[in-house]
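Throughout, a chain's letter reflects where its sequence line sits, starting with A, and its residues are numbered from 1.
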Protein chains: 2
Amino acid sequence: MFRALADPTRRDIFERVIGRGLSVSTLAHDYEMSFAAVQKHVSVLERAALVTKERHGREQIVHGNVSTLRRATELLKAFEEIWIGRATRIAEILGEKGSE
Amino acid sequence: MFRALADPTRRDIFERVIGRGLSVSTLAHDYEMSFAAVQKHVSVLERAALVTKERHGREQIVHGNVSTLRRATELLKAFEEIWIGRATRIAEILGEKGSE
DNA sequence: TTGATATACAACCATATGGTTGTATGATAT
DNA sequence: ATATCATACAACCATATGGTTGTATATCAA
């Protein structure tokens with residue numbers, strides 16, 4: 001999922017489909033690269049569960065998946081928790097030393 | 001930065017150095033791969049500003065950089081803001097329709 | 001039915017990535 | 001002074017990634 005978000009084009013695609021649906025060709029229209037390249041980016045996002053596709057006639061509508069985004073945020077926050085945890089432990093050790 | 005966090009080994013290294021310092025060899029000790037491979041991972045994290053190195057005698061101590069982690073979290077939260085924004089606008093449109 | 005549109009997918013290419021080994025250098029310990 | 005330890009870095013290799021073009025298929029419009 002971090003790998004999926006590592007590419008600027010994919011972050012842009014993702015941003016555009018959060019909270020609304022856009023067809024693959026609508027997305028592709030605004031990039032210099034070929035339609036197939038955009039298709040590949042969408043499929044990378046799809047495998048990472050950051051977007052889902054919903055067929056509507058001959059179009060495939062791409063939707064952003066907010067819950068996966070949330071899970072990513074949680075993961076980063078977990079790193080912060082580790083940091084807070086260690087900082088607290090260090091503070092405790094210093095506190096113990098101080099009270100001797 | 002997402003690219004740096006995309007690799008499991010690097011996430012593990014990062015996790016281990018948040019809130020404390022570990023030498024490159026200490027880090028390398030616990031992975032199957034060669035010392036040079038771990039060194040490369042650390043340098044990727046360093047270029048992404050997720051860690052910094054501080055020389056101490058012949059050892060190089062790797063420290064996690066929490067502020068960069070925070071910036072990453074902010075970025076993901078910004079995506080959520082976009083989502084909230086669009087959801088609100090849709091609610092407004094529905095509200096307008098309802099009041100006609 | 002025919003033509004245009006939207007998508008899917010395969011084959012291919014250049015470059016990036018994640019790994020290796022080997023060599024060099026600075027710091028430490030004896 | 002010398003051996004050892006921690007690191008740096010180059011050269012190399014296999015595979016992944018991000019792009020291309022070309023072809024096939026399904027849907028919509030005329």
Side-chain angles (χ1 to χ4, degrees), chain A residues 1-18 20-65 68-69 72 75-76 79, chain B residues 1-18 20-65 68-69 72 75-76 79:
Chain A
M1 195 219 41
F2 284 116
R3 175 151 277 125
L5 286 174
D7 184 272
T9 305
R10 284 196 296 263
R11 280 196 299 274
D12 195 72
I13 291 173
F14 180 61
E15 179 180 330
R16 292 175 65 195
V17 299
I18 305 174
R20 70 182 171 195
L22 295 176
S23 75
V24 181
S25 48
T26 303
L27 285 168
H29 185 262
D30 299 323
Y31 303 102
E32 293 293 301
M33 69 195 74
S34 69
F35 176 82
V38 175
Q39 234 181 348
K40 276 198 192 180
H41 281 307
V42 170
S43 94
V44 170
L45 288 167
E46 196 180 12
R47 259 179 291 142
L50 282 163
V51 306
T52 53
K53 286 194 290 189
E54 179 204 358
R55 188 164 274 290
H56 209 271
R58 65 181 154 184
E59 291 186 336
Q60 195 86 260
I61 308 298
V62 182
H63 297 273
N65 188 346
T68 303
L69 172 62
L75 222 162
L76 293 188
F79 283 132
Chain B
M1 195 219 43
F2 285 116
R3 175 150 275 124
L5 285 174
D7 184 272
T9 304
R10 284 197 294 264
R11 280 196 298 274
D12 196 72
I13 290 173
F14 180 60
E15 180 181 328
R16 291 175 66 195
V17 299
I18 306 174
R20 71 182 171 195
L22 295 175
S23 75
V24 181
S25 48
T26 303
L27 284 167
H29 184 263
D30 298 323
Y31 303 100
E32 293 291 302
M33 69 195 74
S34 68
F35 176 83
V38 174
Q39 233 180 347
K40 276 198 192 180
H41 281 306
V42 170
S43 95
V44 170
L45 287 167
E46 197 181 11
R47 258 178 293 144
L50 282 163
V51 306
T52 53
K53 287 195 289 189
E54 178 205 0
R55 187 162 277 290
H56 209 272
R58 65 180 154 184
E59 291 186 336
Q60 196 86 259
I61 309 297
V62 182
H63 298 273
N65 188 346
T68 303
L69 173 61
L75 222 161
L76 292 189
F79 283 133

Using the test side chain to side chain contact (heavy atoms under 4.5 Å, CB included), find all partners of [X] that sit at least two apart in sequence or belong to another chain.
{"X": "B:His63", "value": "B:Thr52, B:Glu54, B:Ile61"}
{"X": "B:Arg3", "value": "A:Ala6"}
{"X": "A:Asp12", "value": "A:Arg16, A:Tyr31"}

Could you list all N or O pairs between the protein and nucleotides 14-16 of chain C that sit under 3.5 Å apart?
none

* Quick check: does any side chain N or O of B:Arg11 sit under 3.5 Å from a backbone N or O of B:Leu5, one acting as donor and the other as acceptor? -> yes
[X] [atom1] to [N] [atom2]: how many Å, rounded?
{"X": "B:Gln39", "N": "C:dA24", "atom1": "CD", "atom2": "C1'", "value": "12 Å"}
{"X": "A:Arg47", "N": "D:dT17", "atom1": "CZ", "atom2": "C1'", "value": "10 Å"}
{"X": "A:Glu54", "N": "C:dA6", "atom1": "CD", "atom2": "P", "value": "17 Å"}
{"X": "B:His29", "N": "D:dT7", "atom1": "NE2", "atom2": "P", "value": "13 Å"}
{"X": "B:Glu59", "N": "C:dT25", "atom1": "CD", "atom2": "C1'", "value": "17 Å"}

* Can a side chain N or O of B:Ser25 be found less than 4.0 Å away from OP1 or OP2 on D:dC5? -> no
* nucleotides 19-30 of chain D: protein proximity per nucleotide (B base, S sugar-phosphate only, - neither; heavy atom, under 4.0 Å) -> BBB-----BS--
* Give the minimum heavy-atom separation between A:Ala4 and A:Arg10, together with the two atoms involved. => O-NE, 2.8 Å
* Considering all heavy atoms, the nearest A:Gly64-A:Phe14 contact -> CA-CE1, 4.3 Å
* Asked: Sequence neighbours excluded, which residues qualify as ring pair (Phe, Tyr, Trp, His ring centres under 6.0 Å) partners of A:Phe2?
  -> none
* Asked: Would you call A:Ser43 and A:Arg47 a side-chain contact if the rule is heavy atoms closer than 4.5 Å?
  -> yes
